[in-house]
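Computation of the quantities below employed the complete heavy-atom set of this structure, encompassing side-chain atoms and omitting hydrogens, waters and symmetry-equivalent molecules.
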Amino acid sequence: MGTENTSSANTPPRPVATPFAAPQSTPFSSSRPVAGPVASAFRPTPALAPQTTMPLSSSGPVVGSEASGYRPTPPGRYSGPSVPPPPSLYGPPTGGPFQRFPTPQFPSTTQAPPRTLPVGQPVLPSHSAGQVSSMAASISPPPQIPSVPMGFPPQSISGVPSSVNAPPSSIESSFFSSRPNLQPSSPPMVPSYPAARGTFQPALPGYPGRQPNTESASFLAHQGGYEPPRAVSAPFVSHPGGYVPPPPLGAPQGFYPRGQMQPPGSAPPTGAVQGLIEDFSSLSFGSVPGSFDPGLDSKALPRPLEGDVEPSSFAEMYPMNCNARFLRLTTSAIPSSQSLVSRWHLPLGAVVCPLAEAPVGEEVPVVNFGTTGIIRCRRCRTYVNPYVTFTDGGRKWRCNICALLNDVSGDYFAHLDASGRRIDLDQRPELIKGSVEFIAPAEYMVRPPMPPVYFFLIDVSISAVRSGMLESSLTQPQMMVVSDLDDIFIPLPDDLLVNLSESRTVVDAFLESLPTMFQDNVNVESAFGPALKAAFMIVSQLGGKLLIFQNTLPSLGVGRLRLRGDDIRVYGTDKEHVLRIPEDPFYKQMAADFTKYQIAVNVYAFSDKYTDIASLGTLAKYTGGQVYYYPSFHSAIQKEKLRHELTRDLTRETAWEAVMRVRCGKGVRFTSYHGNFMLRSTDLLALPAVDCDKAYAMQLCLEDTLLTTQTVYFQVALLYPLIHGKSHLFERYTSSSGERRIRVHTAAAPVVTELGEMYRQADTGAIVSLFSRLAIEKSLSYKLEEARNSVQQRIVKALREYRNLYAVQHRVGSRMIFPESLRFFILYGLALCKSAPIRGGYADVQLDERCAAGYTMMALPVKRLLKLLYPNLMRIDECLLQTSLQADEFENVCKRLPLTAESLDSRGLYIYDDGFRFVIWFGRMLSPDIAKNLLGEDFATDYSRVTLSERDNDMSRKLMRILKKLRETDQSYYQLSHLVRQGEQPREGFFLLSNLVEDQTGGVNGYLEWILQIHRQIQQNA
Amino acid sequence: MAWEPILWVIFLVMTMVLVASNMYQLVCLSDLEADYMNPYETSSRVNAVIVPEMVLHGVFCFVLLVTGHWIMFLITLPIACYNMMLFMKRKHLIDVTEVFRSLNAEKKNRIAKLGFYVLLFALVIIRLVLSVMNHIIDEDDAVHESAMF
């Protein structure tokens, strides 16, 4: 908004405003022309009353902020020649408020002026004009108006105590009070809203992502779409419509580059979002001194409702870089000096997902060098990549990482053309693509590829039998993909491993007999440790995957564990973290041994009682495995989930016995690695099994105080024997079918000397991913509270540094500023502090659940992590009711809502999707038809006992299709649907309310408070 | 008999063993860092000598106390306490899964200890020489005395 203001050009059109302004009271005029008129006009009319208030409070601000942007201009900078008329009108009344107000905004605008002006300015005037005229026609300003001054909200926002302070508060109050009324009325409006939306959107695309532009753009659209055709009232309606559905509105704010919701509705934002200038985004706080009113509308805060957006500038700059799905740097601008690094406060590093699933058509090309051998640098062993340069007529190539000149072998020789490019470039994917796979000769492997071995270690103690865990594994014939299976009670290793295709029947028979075999088992003990050792002895010859199904606490033999974590007193003391690390060194030692022999361990834990996931999970952590946790497993309910996840575990593309190394250019070095793997040497990650669902994070540092190069290159190399996906499960395996592959991802990043550039190129997703891993690791050696504090402190430090960078030159005043690239970062920080691994204390999350979530988050790729931190919340009842709508289109219709209880309308049906489960929330006043259609006769009973299944009606089928579609977008886990009815405690609290990260829950900050708190801390020691 | 010099010779041997053990561990860790050794081997080698070293140091300390060498005892006491503390917390062994993360700390730790033991070694040698000298002088005196009377 700030930008708009800046444009001096804008002011001229102003005249338009004058007409309307004149009649009105001075305060009014001072406030923004646009919003003001509208609000004032309507107020009087009784029928409209509710709506009007809305615009006022909510829309008013929005508009207001923009308007405010202008306003200042006349008096302040441009006053003179350019804007003759306005000054007279505005000047006098506004004078006081202006000056303060404007100042903050200007600075920002100053830089951008040229761009924004053209867009914003013309738009507004016309807009206001339209409205004005309408106003004039319809209504004369009621007496109340003067007090109303739309202008206020902005003022409060700006944080300047203006003479007019009092009013704002009243406005706010009125706003809130009126809100309730509005909601009911809102429904009718809704329809119009979407429609309006549609019209907007086309207009928007044209505008660049910048906020300033977008806003202005939205305005334009607005005008274009609405004004002309409609009567006065029409525009209004549309406006309110925007608001009405609180959910959609929230989204918009000026922040969203697309500006979907922006228009009218977004108003609420109240100016919150201001100057976006080129350099940064900012939030202003109101500052009525002494009052608690933050002066910042929570709806204006930036929210990642678009999901994760990968930074694109990086890819554009270096088109030959590998795709961001494989490698993401926390900032694509590498600092040139140690001092820059120390001022960057955020983690500097990368998140690598070497086997990320590539969409069809973008598969990684395979290169076979045949007898030539793989081309690598003699000294640093870098693989040939698009950034190497050929010289000397094509006879030599210079390594981009260590700058050594290498000879080009005869077979690989090709002449260079005039521009120095090889003439055969087109046929050499390794020289044009950032990601390639080399087929490696035998010397790259320690041993020939081994057949994939799956070893199941199943807990058959009584609780396992009771829960139906055994049955569930039985009911899945296709799951018998077990290539090797064995019973640990038989002590003859040689005979224990069987080939699946040869002895499929035996395996089937065994699995069938499994439940009956142990049905009379009343043994409550679990000899997990000894079983683990036995399994290790059997599988160690071949390596493979060990799947552990554990249902009770290991209680016999070596590695037995105690019941711990029940003692509340430990929490909050220095010994608290001990609960989150393995109790017995046996597990770490076993994990190390497993890795040594290339065995990956996946832990499936089922118990609702304490099973010490902290200890069991260690096995997965150091072997590149995964922890699946099904609290209080019952086969009837969770069968599907287990089946899906087990199937995926067994059938997804997996690289066995892989090792991964990340090389980087001279001067930088990776110092620490975070994720599920074990380091075999300082920079070599041993990954007994790696697949597309695993990502690894690493931090880097500068080796010298100064980097002299212009560009830093990174190269991820993953060496693994390829065993074709599913085929190996059903065909007889022969060693010849195993092929050794080296997957290489190369990326380049520029070296910069400015801190501002680093912030500009920051990648929120990667930072959050690295951040959460660091926080989880911290929670293993410190109290949870300290882990959370460290997250907060780092956010504060980073933003303070950023503020210092711009505070002087832009006179940011009391606004909070942050880089555009990190606009969601603060929210993710909050979400992280509220995520299961580090939230709350003893009672908030069960110890096992906490540990399981921690292990899971340590391995999640960026996108899934972000989704887990800030899940999708969508309202679907409207979608279900629209019969014409197909499930396929539903994603276009249902927008993500902010994660706050305010988004939930008691007449709606919502889906909450965090990638691991669905929570379907039934509003209390949801029409019984919907509930009945979806749940059949059970709709009135206790939802904890109802399962969602397809019923014989369209609505139910549609819902199931929607769910299916959602699941298809994220297949690494199966999202089980949990049904929750509004007000049904404690289920509602457990499943949904405690996960609405923006709300204040249990004494923990809500989004708004969090921002304010951070803002305060930033200013404290600024 | 010349108990005192013999005792010091024993101390000297003990100190040498301690120095050697520390050097060995240091070499192992450096090898690991330089990728000459894998973490499994390193940790098993280093862990194998840690407990004996601690025990040896404890014995050393105890014997000093029993034989009344107060100053030397006080000098060696801090490390004995430190070892004890590590042992009680079960942090004395190297964690094979996280070797690389603690590598630098472990190395510094051992360099410091090595320095200490070298110093101790010097002290012990000095004391040994002194005690031998004293012993010889005493014997001489004794001889003289016996000769005189």
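Closest approach of B:R90 and A:E583 over heavy atoms only: NH2-O, 3.4 Å. Smallest separation of non-hydrogen atoms from A:M678 and B:Y40: CE-CE2, 3.5 Å. Nearest heavy atom pair, residue A:L679 against residue B:P39, reads O-CG, 3.6 Å.
Interface summary for chain A: among B:D95, B:N38, B:L93, the most heavy-atom pairs under 4.5 angstrom belong to B:D95.
When heavy atoms are compared at a cutoff of 4.5 Å, A:T618 does not approach chain B at all. A:T682 touches chain B through backbone and side chain together, each having a heavy atom under 4.5 Å away.
Sparse packing is recorded around CD1 of B:I71, with 12 or fewer heavy atoms of other residues, nucleotides or ligands lying under 6.0 Å away. Other residues, nucleotides and ligands place more than 12 heavy atoms under 6.0 Å from the CZ atom of A:F536. When the shell of 6.0 Å around NZ of A:K533 is examined, it contains 12 or fewer heavy atoms from other residues, nucleotides or ligands. Around CE of B:M23, the count of heavy atoms belonging to other residues, nucleotides or ligands within 6.0 Å does not exceed 12.
Atom-to-atom distance recorded for A:E777:CD and B:R101:CZ is 4.0 Å, nearest 0.5 angstrom. Here A:S681 contributes atom OG and B:M37 contributes atom CE; the two are 13.5 Å apart, rounded to the nearest 0.5 Å.
Under the 4.5 Å side-chain criterion, counting only non-hydrogen atoms from C-beta, A:K596 is not in contact with B:E41. A:Q589 has its side chain within reach of B:V96: a pair of non-hydrogen atoms, C-beta onward, lies under 4.5 Å apart.
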